[in-house]
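In this text, all values refer to a predicted model and were calculated from it rather than measured experimentally.
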Amino acid sequence: MATRAAVAAPRVLRRFFCSNSASSTFPFVPTPPAGAVPTPARPTAEPNTNLFVSGLSKRTTTEKLREEFSKFGEVVHARVVTDRVSGYSKGFGFVQYATIEEAGKGIEGMDGKFLDGWVIFAEYARPRPPPGHLNNNSPPFGRQ
């Protein structure tokens, strides 16, 4: 049936019905130019003792987060960010190590690993922007 549709379709639409590799990716996956180097989606933060952990399960507690990350060094502080109303995890948290070396070991040991059945991601935390700093370049609210 697909072959009949491909034959009956105009030339422009044939690539949607074709199964060869050159045309099957046409509208969905753009091909990068030759020699292009992929760039990371976000710049990485400078190494520090504070880690940002994402991908946490709703069941993950602060104690469990501390316990898992303490296998790689001395954890000074650990916190799972929770919703104020429900009390469940928002899916991310922070872990602070005593030294930068231990923080690097924590990232190596836990990034991409399973915790409570979910794959978690660990990276160096970015510092908070100063108060009053707008994340986007829009004007502040109110009259101007």
- Short question: side chain of Ser70, backbone of Glu67 - any donor-acceptor pair under 3.5 Å? yes

- Query: Going from CG on Leu51 to CD on Glu123, what distance comes out if it is rounded to the nearest 0.5 angstrom?
  - Reply: 9.0 Å

- Item | Polar side-chain atom of Thr62 near backbone of Val80 as donor-acceptor pair, under 3.5 Å | yes

- Rounding to 0.5 Å, atoms CG (Leu56) and CD1 (Ile120) come to a distance of 6.0 Å

- Residue list, salt bridge (charged side-chain N to carboxylate O under 4.0 Å, His left out) with Lys64, at least two apart or on another chain: Glu68

- Separation between OG1 of Thr49 and CD1 of Ile100, rounded to the nearest 0.5 Å: 6.5 Å

- Search all heavy atoms of Ser89 against all heavy atoms of Thr60 and return the closest pair with its distance. CB-O, 4.1 Å

- Any donor-acceptor pair under 3.5 Å linking the side chain of Lys90 with the backbone of Asp83? no

- Among all residues two or more places apart in sequence or in another chain, which pass the side-chain contact (heavy atoms from CB on, under 4.5 Å) test with Asn50? Asn48, Phe94, Gln96, Ala125

- Task: Could you walk me through whether Phe69 and Val53 pass the side chain to side chain contact (heavy atoms under 4.5 Å, CB included) test, one step at a time?
- Result: CA-CA 10 Å; Phe69 275 86; Val53 183; 3.6 Å; yes

- Task: Of all the heavy-atom pairs spanning Arg59 and Gly117, show the shortest one and how long it is.
- Result: NH2-N, 4.5 Å

- Determine whether Phe121 and Phe114 fall in the same hydrophobic cluster, where Ile, Leu, Val, Met, Phe, Trp and Tyr are linked whenever their side-chain heavy atoms lie under 4.5 Å apart. yes

- Message: Walk me through whether Val76 and Tyr97 qualify under side chain to side chain contact (heavy atoms under 4.5 Å, CB included).
- Response: CA-CA 5 Å; Val76 175; Tyr97 281 99; 5.9 Å; no

- Message: Before we go on, tell me: are the rings of Phe52 and Tyr124 under 6.0 Å apart, centre to centre?
- Response: no

- Task: Give the C-alpha distance, both sets of side-chain angles, the deciding distance and a yes or no for side chain to side chain contact (heavy atoms under 4.5 Å, CB included) between Phe72 and Met110.
- Result: CA-CA 9 Å; Phe72 304 99; Met110 292 301 291; 3.5 Å; yes

- For residues 94-116, the salt bridge (charged side-chain N to carboxylate O under 4.0 Å, His left out) pairs (sequence neighbours left out) are none

